[in-house]
Structures are given as structure tokens and as C-alpha cells.
J.: 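Starting off with a structure, shown below.
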Amino acid sequence: MHTKFWCLDINKEIAPQLKEAAECIRKGELVAFPTETVYGLGANGLDAEACKRIFAAKGRPADNPLILHIASPEEIMPLTSGLNANAKRLMECFWPGPMTLVVPRSSLVSDVVTAGLDTVAVRCPDHAVAAELIRQAGVPIAAPSANKSGRPSPTMASDVAEDMDGIIAGIIDGGECRVGLESTIIDTTSVIPTILRPGGITREMLEEVLGAVELDKGLVEEGVTPKAPGMKYRHYAPKAEMYIVEGDASGSLRMAEMAAAAGKKVALLGEKRLRPLQADMLFFPWENVDELANKFYDYLRECDRQGAELIISQGISDTELGLAVMNRMRKAAGKNIYKYFDGKLSLVSGKEAGFVVK
Ligand code: TXA
Ligand code: MG
């Protein structure tokens, strides 16, 4: 299949530039588009056959439901059998924005979208291109992240092309995504609203509005199945073996130096001030948690492109946006975690690294 590229000119009116892409969606074809979180792989959310094409293009298991994207908050109404007070409050406070609500589904929503669940996930993205595309398509757009299953989510159009060129009808290039991590998913149907996937709308922000909020046990406890079916997969994994180093900030640099000394091609993800002295070590720096969230997936893809054999990543605290970042980082590392304390590296979980000198 020939994949069309629409490179948007932001200095010109957006609407006419999206006409052809919206037409593709209406015809049941797949179009990747930018949102403020990551790029989505969109299809007509009311057309079950079109939604099936999403699963085929991504290689996505059929038991992993899709998010329906709407252009303005009130468009949720036909998709749900009813909203409780918590859901209404969250919509008022955080839509449009990087938050997905799990609500009771209506009969308009197909089993292909919900994977047979009695709830549906809905999001109103805070992105002019996404909103205009949905408006012109005239239907909710079902869209998972526009990566092949198991690859990092795409945060720019070139990432989408890496995974989807030749497989989908088109890609809308609307520049880099602002947040860089997928939306917060919150289940509003439980007695205490529950975060199923941490994201740009943080637990602290949700608690300020709702009071108590729970974190799905499946995200933090071994052996508990996550409530969001997609969260049980390893996802976001780079080709290289990856380790997280918690504790003293310089631990990641220390561990990367040991790996380099053992002859590995190493990539270090860490605070800017850790800059390694070895010129051949790949270094992916960040200054603060926002920048780390924004660049994390791009850095993982870049590690693959540059053939890193080993990725050492500095861990950060699980508060605010750090919760979302660490959730993705732990998945990418397959839970390989070391701790650096008092000048010593010790294994917390996962696989012992042969190159660590005790
Ligand atoms: O930021 C985002 O949310 C991006 C952009 C494109 O909007 N989309 C995204 O979609 O991350 P995806 O398909 O990669 O992740 C959707 C997650 C999956 O983990 C899925 O299992 C979960 O949402 N999900 C969907 N419907 C659900 C439901 N009814 N109940 C629980 N989890 C649900
Ligand atoms: Mg995804």
C-alpha cells in the first residue's frame, strides 16, 4: 500500500489541509495523526471493520480495547449509558487534555472497540489537528498509539513512518507531541476512581479534584493482572538490554562506565550533569521530568537506531509526572533494576548484570 504523507503548514489554515485525511477515515481507512500525548493510529470508531484493520496493522492482540477520541467533551454522551459525578467532574477539569475516562458503554460502541468489555475508554485530546480531524470525519476516531505492538509509542511523524509506512493509508505530520507519554487512564466506574495507566494528568492533580484516587494494584503488585488489558504486555521495549539505576543520582553513570569497560556499546539516559567522559558512550540527557517524559520514547528509538547493546537509565521519584515516566521505564527495562547507595551497586529486581564489579 502507498502511504500518503500530509505535512501540515501551521502558518496556513489547518482545516483544508485535513480534508483528504478525514475522507480516508470516513471510507474506513487508517490514518495516523498527532495528539498532545503521542501519535494515534485512527479509524472510524463506529465502523467495526475499520477498527479491525487497526489490530491487523499493529499486530495487536484482539483482547486489548481501543480508546475513542472525540472533538469536544459533550460528544461522549452517545457513547456511554451514563456518567457519574466523578466522571463529569473530571471532564470539566481536564478535557480537552491527556486524560482517558473509562465509562459504561452504550450499544453504539462495537465489541471490536471494547474487546467485549462493558465499559469504553474515551478521550478528548488537546490538539488542534486531532480535534479538526475528528470534526471533519464526523465520527469518534478509535486510535491506539501508532506503533507496532511492542515498540515505543511514536512522538513524531517519522517514528510512525518507521513502523507503519506501506501499511496504512496516510500519516499526518503535525510536529512533535508535547507530553510524549500516553494519556492517564482513569476508571470512573469503581467506587473510588482508579488510575489504570499513569500519564500527563497526575495522581496529585486527580486527587485535588476528587479526593481519594486509587492506583490499580496490577500496576504495582506482582501477580495481579492490570485492569487495563494493554498494561499486562511488556510494551515499549527497546532491542537493547536495559537497566534502571535507582538511589544516588551518579549510580547510572557508574554502572554505564562498568558496562563500557566490559566492551559493551552503552547508552546512558540520565540528568544532563552526569555527562560521561567516554566519547564513544551514547548519552541521552534530560534536565527535568517534563523533558524526560517528552523525550523518553524518542531516546529508546534512537538507542535502537544507533545499535546500543545496553541501556542504563537513571531512575527518578514516583511522584507527579515521575509516576508515568517510571511506569514506562520499568516496562522498557523488563524490571531490571539496580540501586546505588554508598558507592555500591546492588540488584533490586530482574537479571544480574555480568559486568557489574562488586
Ligand atoms: O494518549 C493516548 O491515550 C494515546 C493517544 C493516541 O490518544 N492512545 C493510546 O492508546 O495510548 P493505546 O491503545 O496504545 O492504549 C490504550 C490503553 C490500553 O492499555 C487498553 O487496554 C486500555 O487503554 N483500555 C481501552 N479501553 C479500556 C477499557 N474499557 N477498560 C480498561 N482499559 C481500557
Ligand atoms: Mg500503545
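Count residues from 1 along the sequence. Atoms within a ligand are numbered from 1 in the order they appear, just like the ligands themselves.
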J.: Could you work out, for atom 30 (N) of ligand 1, the closest of T35, V113, L117 by heavy-atom distance?
T.: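 Of the listed residues, L117 has the closest heavy atom.
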J.: Answer with side chain, backbone, both or neither: which part of R123 has a heavy atom less than 4.0 angstrom from an atom of ligand 1?
T.: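 R123 to ligand 1: side-chain contact only, backbone stays beyond 4.0 Å.
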J.: Give a yes/no on ligand 1: does A143 have at least one heavy atom closer than 4.0 angstrom to it?
T.: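 So A143 counts as touching ligand 1.
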J.: If the test is salt bridge (charged side-chain N to carboxylate O under 4.0 Å, His left out), which one of K19, K27, R26 qualifies with E23?
T.: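 Only one of K19, K27, R26 forms a salt bridge (charged side-chain N to carboxylate O under 4.0 Å, His left out) with E23, namely R26.
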J.: Below 2.8 Å, any N, O or S contact between N147 and the Mg ion (ligand 2)?
T.: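 No, N147 does not qualify, because none of its backbone or side-chain N, O or S atoms lies under 2.8 Å.
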J.: Please list, in number order, the atoms of ligand 1 under 4.0 Å from a heavy atom of H69.
T.: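 Once the distances to H69 are compared, the set is 5 (C), 6 (C), 7 (O).
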J.: Looking only at distances, can you tell me whether any N or O atom of I185, backbone or side chain, sits closer than 3.5 Å to an N or O atom of ligand 1?
T.: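 No, there is no polar N/O contact under 3.5 Å.
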J.: Should T114 be listed as contacting ligand 1, given a heavy-atom distance under 4.0 Å as the test?
T.: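 Flag not set, T114 not near ligand 1.
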J.: Any heavy atom of R105 sitting closer than 4.0 Å to ligand 1?
T.: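 Judged by the 4.0 Å heavy-atom criterion, R105 does not count as contacting ligand 1.
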J.: May I ask you to test the M281-K265 pair for a side-chain heavy-atom distance under 4.5 Å?
T.: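 With C-beta onward as the side chain, the pair stays apart.
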J.: Could an N or O of ligand 1 be found under 3.5 Å from any N or O of R60, whether backbone or side chain?
T.: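 Such a contact does occur with ligand 1.
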J.: Any nitrogen or oxygen of T37 lying under 3.5 Å from a nitrogen or oxygen in ligand 1? Just yes or no.
T.: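 N/O-N/O distance below 3.5 Å exists for this pair.
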J.: Using a 4.0 Å heavy-atom cut-off, which part of I67 comes near ligand 1: side chain, backbone, both, or neither?
T.: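 Side chain only.
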J.: Check whether any side-chain heavy atom of W95 lies under 4.5 Å from a side-chain heavy atom of L101, and answer yes or no.
T.: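 W95 reaches L101 side chain to side chain.
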J.: Would you kindly specify which portion of K58 sits under 4.0 Å from ligand 1, judged on non-hydrogen atoms: side chain, backbone, both or neither?
T.: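 Within the 4.0 Å criterion, K58 makes no contact with ligand 1.
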J.: Can you tell me which portion of D187 lies within the under-4.0 Å heavy-atom range of ligand 1? Options are side chain, backbone, both, or neither.
T.: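 Within the 4.0 Å criterion, D187 makes no contact with ligand 1.
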J.: Is the shortest distance from a Lys or Arg side-chain nitrogen in R203 or E207 to a carboxylate oxygen in the other one below 4.0 Å?
T.: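 Yes, this pair counts.
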J.: Once the angle between the rings of Y299 and F284 is folded into 0 to 90°, is it parallel (under 30°), tilted (30 to 60°) or perpendicular (over 60°)?
T.: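 Ring orientation of Y299 relative to F284: tilted.
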J.: Less than 4.5 Å apart, side chain to side chain, heavy atoms only: is that true for D216 and I195?
T.: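 With C-beta onward as the side chain, the pair stays apart.
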J.: Less than 4.5 Å apart, any side-chain heavy atom of C124 and any of H69?
T.: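 Not touching, per the 4.5 Å side-chain cut-off.
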J.: Report yes if T119 has an N/O atom closer than 3.5 Å to an N/O atom of ligand 1; otherwise report no.
T.: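 Between T119 and ligand 1 (N or O atoms, distance only) the closest approach is under 3.5 Å.
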J.: More than 12 foreign heavy atoms under 6.0 Å from NZ of K148: is that the case here?
T.: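 Count over threshold, so yes.
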J.: Could you see if I76 belongs to whatever hydrophobic cluster contains V102? Use Ile, Leu, Val, Met, Phe, Trp, Tyr and a side-chain cutoff under 4.5 Å.
T.: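 Not linked; separate clusters.
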